[in-house]
Amino acid sequence: MIPFNKPYMTGDELYYIKDAVSRGKISGNGHYTKKCHDFFEETLGFRNCLLTSSCTDALEMSAILIDINPGDEIIIPSYTFVSTANAFVLRGAKIVFADSYEDNPNIDATALESLVTPKTKAIVVVHYAGVSCDMDMIMEIANRHNIYVIEDAAQAIDSYYNGKQLGTIGHLAAFSFHETKNIISGEGGMLVVNDERFDKRAEIIWEKGTNRSAFFRGEVDKYSWVDIGSSFLPSDVTAAFLFAQLENLQKIQSRRKFLWNEYYKGLKELENKELLKLPDIPDYATTNGHLFYLVCRSMEERDTLISFLKDNGVYSVFHYLSLHKSPFYSEKLENSNLPNCDRFSDCLLRLPLYYELEINEQQKIIENVIQFFN
Ligand SMILES: *Cc1c(COP(=O)(O)O)cnc(C)c1O
């Protein structure tokens with residue numbers, strides 16, 4: 001069986017973990033946490049980064065930072081992972097779901113204006129498959145209404161909007177290093193602070209509501225409880241693992257992008273014959289080889305293709321079940337008609353894409369898909 005995903009180990013992970021252990025300090029904000037922060041800030045050009053235990057954590061930190069009060073509204077796409085919404089629901093926010101574009105699962109920026117109310121506090125955008133949302137339009141609407149933009153950049157490492165790294169555009173951004181993402185640490189994530197007004201408080205919330213970081217820098221003479229917060233920082237063992245991955249970022253990325261392009265070329269003919277749709281990458285966006293999807297013409301066809309591939313030794317999967325139809329949230333909504341989002345839920349299929357996927361395995365997958373449609 002060709003699996004859907006296989007986490008890639010670069011080979012240096014245990015070396016750095018051993019080093020972290022031998023340094024005798026493996027709690028958070030240690031040697032390797034700083035090395036990762038430096039890599040993100042100095043090599044990749046992010047402004048201010050804080051490693052977290054997950055992207056979910058980074059989103060929860062964002063919700064605390066923008067001071068959500070019960071009743072505040074947050075606009076998010078319905079076609080996303082639950083954490084995008086849950087982080088804000090935990091703080092009492094009301095979620096307003098937006099639809100996807102017709103030809104792209106990302107949030108439809110042209111529909112945002114009509115969703116903004118005096119209670120709107122933030123728009124959370126998700127760069128689905130690492131493909132950028134329409135950031136100029138989104139930032140313009142947000143700035144005009146004085147609301148925050150938070151990028152759920154969980155899938156968006158090494159991907160760009162008009163040349164700008166995703167996660168550097170909104171006021172805050174959240175990345176994931178879960179083992180299903182491009183760069184991994186098992187569980188892991190990062191908050192990026194792009195608006196300096198959040199710098200000081202982000203560090204406090206990260207360190208359980210204390211000014212411990214300022215204390216260790218010698219800025220205060222004792223550390224105390226100064227705000228709400230939680231234990232958002234990962235152990236230095238996790239950071240050591242992540243550092244090994246970061247050093248191999250370009251190598252991992254060039255392989256993943258190569259495989260993505262092979263799928264695209266191999267399946268293009270089926271799209272030309274209007275048998276399926278392939279990802280549509282807007283001019284302002286790039287692909288980072290995070291995931292490869294195709295869109296079938298109906299749910300029945302999609303489900304039959306999944307079974308067909310399985311019978312031929314290939315695991316493929318679908319996602320996301322629209323959040324506006326979820327058992328938890330659907331009853332809280334008055335009306336929500338999000339046809340594009342529903343169509344991606346029903347018809348989108350993801351093919352195996354991971355560093356160690358071999359060319360002959362990928363050719364077999366492509367041939368199977370072609371055979372199915374013929
Ligand atoms: C993976 C993912 C998350 C959650 O990331 P964790 O690190 O597992 O918390 C959130 N949003 C999106 C869009 C994701 O793809």
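Atoms within a ligand are numbered from 1 in the order they appear, just like the ligands themselves. What you see below is based on every heavy atom in this structure, not just the backbone, and it leaves out hydrogens, waters and symmetry mates. Every value quoted in this text rests on a predicted model; they were computed, and no experiment measured them.
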Near Y320, which atoms of ligand 1 are under 4.0 Å from a heavy atom of that residue?
-> 15 (O)

Taking N or O atoms only and a 3.5 Å limit, does S83 qualify as a polar contact for ligand 1?
-> no

Does even one non-hydrogen atom of G188 get within less than 4.0 Å of ligand 1?
-> yes

Trace of the side-chain hydrogen bond (donor to acceptor under 3.5 Å, both in side chains) decision for Y223 with E207 | CA-CA 11 Å; Y223 87 81; E207 288 263 31; over 6 Å; no

For ligand 1, find out whether one of its N or O atoms is nearer than 3.5 Å to an N or O atom of Q155.
-> yes

Numbering the atoms of ligand 1 from 1, which are under 4.0 Å from a heavy atom of F81?
-> 3 (C), 4 (C), 10 (C), 11 (N), 12 (C)

Under 4.5 Å between any side-chain heavy atoms of N368 and K364, yes or no?
-> yes

What is the nearest protein non-hydrogen atom to atom 11 (N) of ligand 1, stated with its residue, atom name and distance?
-> D152 OD2, 2.8 Å

Report yes if some heavy atom in the side chain of L267 is under 4.5 Å from a heavy atom in the side chain of L351; otherwise report no.
-> yes

Where is the tightest heavy-atom contact between L246 and F39, given as atom of each residue plus distance?
-> O-CZ, 3.4 Å

Would you check whether H127 reaches within less than 4.0 Å of ligand 1, judged by its heavy atoms?
-> no

Taking side chain as C-beta onward, heavy atoms only, is I66 less than 4.5 Å from I150?
-> yes

Report the part of T56 in contact with ligand 1, treating N, CA, C, O as backbone and CB onward as side chain, heavy atoms under 4.0 Å; options are side chain, backbone, both, neither.
-> both

Does some side-chain heavy atom of R201 sit less than 4.5 Å from a side-chain heavy atom of D67?
-> yes

Is there a nitrogen or oxygen of S176 sitting under 3.5 Å from a nitrogen or oxygen of ligand 1?
-> yes

Heavy-atom side-chain contact between I252 and Q245 under 4.5 Å | yes

Does V126 reach ligand 1 with a nitrogen or oxygen that is under 3.5 Å from one of the ligand's nitrogen or oxygen atoms?
-> no

Starting from atom 14 (C) of ligand 1, locate the nearest protein heavy atom and write down its residue, its atom name and how far away it is, to 0.1 Å.
-> A154 CB, 3.3 Å

Here the atoms of ligand 1 under 4.0 Å from any heavy atom belonging to S54 are 7 (O), 9 (O)

Reported CG-to-NZ distance for the pair D236 and K25, which is rounded to 0.5 angstrom | 6.5 Å

Could you grab the distance from atom NZ of K35 to atom OH of Y16, nearest 0.5 Å is fine?
-> 6.5 Å

Can you tell me if F175 has a non-hydrogen atom under 4.0 Å from ligand 1?
-> no

Give the numbers and elements of all ligand 1 atoms closer than 4.0 Å to a heavy atom of K181.
-> 1 (C), 2 (C), 14 (C), 15 (O)

